[in-house]
Amino acid sequence: MRRSLLRLGASSATHVLPPWPPPSYYNGGSSSKASNFQSTSAFSSNSRWVVVTNSLPPPEWVEPFNDVSDIVSSPQRFDPSPWVAQILNLLDGSPQMEPNLDFYCHKFLIKLSPNFVAYVLKSDDLRGKPETALRFFSWAGKQKKYHHKLECYVSLIELLCLCGDLDRIRCVVVELKNMNFLMNSNAANCLIKSFGCLGMVEELLWVWRGMKENGIEPSLYTYNFLVNGLVNSMFIESAERVFEVMEGGKIVPDIVTYNTMIKGYCKAGKTQKAMEKFWDMEGRNVEADKITYMTLMQGCYSEGDFDSCLSLYQEMREKGIEIPSHAYSLVINGLCKGGKCMVGYAVFEDMIEKGCKANVANYTALIDSYAKCGCIEEAMKLFKRMKSDGLEPDGVTYGVIVNGLCKSGRLEKAMEYFQFCQNNRMADNAMLYSSLIDGLGKAGRVDEAERVFEQMIEKGCPPDSYCYNALIDALAKCGKTDEALALFKKMEKEGCDQTVYTYTILIDGLFKEHRNEEALKLWDMMIDKGITPTAASFRALSVGLCLSGKVARACKILDDLAPMGVIPETAFEDMINVLCKAGRVKEACKLADGIVDRGREIPGRIRTVLINALRKTGNADLAMKLMHSKIGIGYDRWGSVKKRVKFRILIDI
DNA sequence: GTAGGGTTAG
């Protein structure tokens, strides 16, 4: 039909148009509708009626239709879309043709009616053409003896909804509100669906009120559309309330309502609530389906809760619910990210066994995980298998391979793959370069790392903070601190963000060269820039300070961090550790006493560190005393608090 | 006629 329409539209001039108006129209449409196909053909050829469709028009064609519904429901199932399309082509191509539309309507024997207008607005030809639709709508509205009905607006809004055209919909809604139509259930459902899709809550509630005022009972679909609409616009609590109303009413929530609500909780990051809703289902005799599980798994996955993801998957298996390939991917990725590559691989094999084909992302995730677990051989085997499986590794796969090889010290192999990427004009990105720079730097091949850095600039790939950090680290670790600082300055000049890692590397490097004041200056600069320190960055600072005998200063800086909401959990532990390692047991003990004085407990492992350090430095008595002492709160065997013992070490030294 | 599928890298 589409083909014939194009021919009609494109070459109508070369065809002979029917006499206008057609003879039957002259008869006021009163001639018999029973005209059979033969007679139509005869009539057509006699009157030079050339029809350019592949399917011949039905006998009804020669009759003036009263309405589009006549055509659609005709026994021949006559499809008027070519004619509709031609009208729209005209509108689309030349706005000045508007006045002729009336003529075309007559030509196609279609009477302009609200049903017809609604029909046209629903046609595929208007998909993605809001302008044309609106022009048609407003043209129709201006015609004599024609008035839009509610359904016309509904269709227009549905269409604009598909285009995501919020502003235009709002304009249409303003007009619609002024029309004061009587709401009906079908229109209300459609409107709630449309407004819900776009999260237009105000309009949604306007329809809902309209329904109430007109005594229209919401159906299950209405409720579900409403809940979906509220959820899509993140009105989770409102959705919750509708859900509660349903639970207490005649129309109880079904699987779709539950799934929608679960989706809402997941979207809002309330995974726990989503799980509760899921558990509720059982008691309400609503069976969870694959959508329920998928929604929950997706939610858990994006929260980083891979364990729940896995147990949901296992539950699906136990229940015999069909497992979509995306579910396998989530589970495999989750396991890979959690460092459980073996289990991930088992699921992967399971997936293949169940008939789901593995994809590039599945393989890549597994390769990465194996490489990160130190099983580079296994990773390379998977890489080989992937290729023999007919899958073409992508930029990410090569990124993972190059990084894995670098981290395992197989730099020559990594460079081979890097070269392969370059030759094949793929994945020439900062990620590949940073892996390589880091690998070379860690292997002490700093000159080469620098060359790679230069090379990327020459190739027009600007280094990002990862590349800078990798090279700065390489330089700082081999004592080229000034070069590292020069790069740090260059970073700022080039507009590349200096991160907490950049500062950590440099602070560490400066302390190692006993350039304490410079290191402290960098720390302050970092804080001033609003960069949140990490545990690692504080460790670099505190270790440097402790080893230069400034334990109190480190403690002071730590205290200053607390109001900023930064509390490095292992700060004291790290400091005591480093002091003990350096044989400065007295300072370590003093720090421990200070911690106890603040009313905090010393963890068992730190006590062990202290005990060993005391023994090593010839303070066996003190070590014994510390071993037998109780620090923190003691409990008796009935569980009640027995005593609180504070043991201060230095008093006895 | 309603509900799920931004999956992989430094």
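Quick note: numbers below take in every heavy atom, side chains included, and nothing from hydrogens, waters or symmetry partners. In what follows, every chain begins at residue 1, and chains take the letters A, B, ... in the order their sequences are listed.
- Contact annotation for A:Asp289: base contact, defined as any heavy-atom pair under 4.0 Å involving a base atom.
- Listed nucleotides B:dG5, B:dA9, B:dT2 differ in distance to A:His326; the shortest reach to its side chain belongs to B:dG5.
- Residue-level contact check: A:Lys407 touches the backbone only, with heavy atoms under 4.0 Å from sugar-phosphate atoms and none from bases.
- Closest approach to the A:Asp254 side chain among B:dT7, B:dT8, B:dT2 is made by B:dT2 (side chain taken as heavy atoms from C-beta onward).
- Distance NZ (A:Lys122) to C1' (B:dG1): 11 Å, rounded to an integer number of Å.
- Comparing B:dG4, B:dG5, B:dT7 against the side chain of A:Thr295 picks out B:dG4 as the nearest.
- With B:dG10, B:dA3, B:dT7 as the candidates, the nucleotide lying closest to the side chain of A:Ser329 is B:dT7.
- In the set B:dT8, B:dG1, B:dA3, the nucleotide with an atom closest to the side chain of A:Ile255 is B:dA3.
- Of the candidate nucleotides B:dG4, B:dT7, B:dG5, B:dG4 has the atom nearest to the side chain of A:Ile291.
- Computed from coordinates, the A:Ile332 CD1 to B:dG5 P distance equals 19 Å when rounded to whole Å.
- Side-chain N/O atoms of A:Asn429 and base N/O atoms of B:dG10 include no donor-acceptor pair closer than 3.5 Å.
- Within the nucleic acid shown, A:Asn189 comes within 4.0 Å of at least one base atom, counting heavy atoms only.
- Atom-to-atom, CG of A:Asn232 to C1' of B:dT2 comes out at 11 Å; the value is rounded to the nearest Å.
- Between A:Trp208 and A:Phe195, a ring centre-to-centre spacing not shorter than 6.0 Å is recorded.
- For the pair A:Tyr433 OH and B:dA9 P, the interatomic distance rounds to 21 Å; values are reported in whole Å.
- Interface remark: the A:Asn362 side chain does not form any donor-acceptor pair with the B:dT7 base, using a distance-only criterion of under 3.5 Å.
- In this structure, the nucleotide among B:dA3, B:dT8, B:dT2 sitting nearest to the side chain of A:Thr260 is B:dA3.
- Rounding to whole angstrom units, CZ of residue A:Phe348 and P of B:dT7 are separated by 18 Å.
- Nucleic acid contact class of A:Ala470 (heavy atoms, under 4.0 Å, all strands): none.
- Put simply, A:Lys290 has no side-chain N or O that comes within less than 4.0 Å of OP1 or OP2 on B:dG5.
- Protein atom CE of A:Met386 is 13 Å distant from nucleotide atom P of B:dA9, rounded to whole Å.
- Look at A:Tyr301 and you'll find a side-chain N or O under 4.0 angstrom from OP1 or OP2 of B:dT8.
- Residue A:Asn228 places at least one side-chain N or O closer than 4.0 Å to OP1 or OP2 of B:dA3.
- Between A:Lys263 and B:dG4 there is a side-chain N or O to OP1 or OP2 distance below 4.0 Å.
- Salt-bridge annotation for A:Arg410 and A:Glu377: present, with a side-chain N of the basic residue lying under 4.0 Å from a carboxylate O of the acidic one.
- Each of A:Ile376, A:Leu382, A:Val400 was evaluated against A:Tyr370; a single residue qualifies, A:Leu382, per the side-chain contact (heavy atoms from CB on, under 4.5 Å) test.
- Inter-residue side-chain proximity for A:Met431 and A:Tyr466 is flagged as unmet; no heavy-atom pair is nearer than 4.5 Å.
- The base of B:dG10 is paired with the side chain of A:Ser434 by a donor and an acceptor separated by under 3.5 Å.
- Going from atom CG of A:Leu204 over to atom P of B:dT2 covers 17 Å, rounded to whole Å.
- Between A:Tyr417 and A:Tyr398, the ring-plane angle classifies as tilted under the 30° and 60° cut-offs.
- Atom CD1 of A:Ile321 is separated from atom C1' of B:dG4 by 13 Å (rounded to the nearest Å).
- Considering only side-chain atoms of A:Pro324, the nucleotide from B:dG5, B:dA9, B:dT2 that sits closest is B:dG5.
- The residue A:Ser302 sits close to a base: some heavy atom pair falls under 4.0 Å.
- The side chain of A:Asp464 lies closest to B:dG10, out of B:dA3, B:dT7, B:dG10.
- Counted by atom type alone, A:Ser465 and A:Thr499 present zero donor-acceptor pairs between their side chains at under 3.5 Å.
- Ring geometry for A:Phe348 against A:Tyr363 counts as perpendicular: the plane angle is over 60°, on a 0 to 90° scale with 30° as the lower cut.
- Across all strands, A:Val400 comes closer than 4.0 Å only to sugar-phosphate atoms, never to a base (heavy-atom distances).
- Listed pair A:Lys337 / B:dT8 meets the phosphate criterion, a side-chain N or O lying under 4.0 Å from OP1 or OP2.
- Here B:dG4 is the nucleotide among B:dT2, B:dT7, B:dG4 with the atom lying nearest to any side-chain atom of A:Met294.
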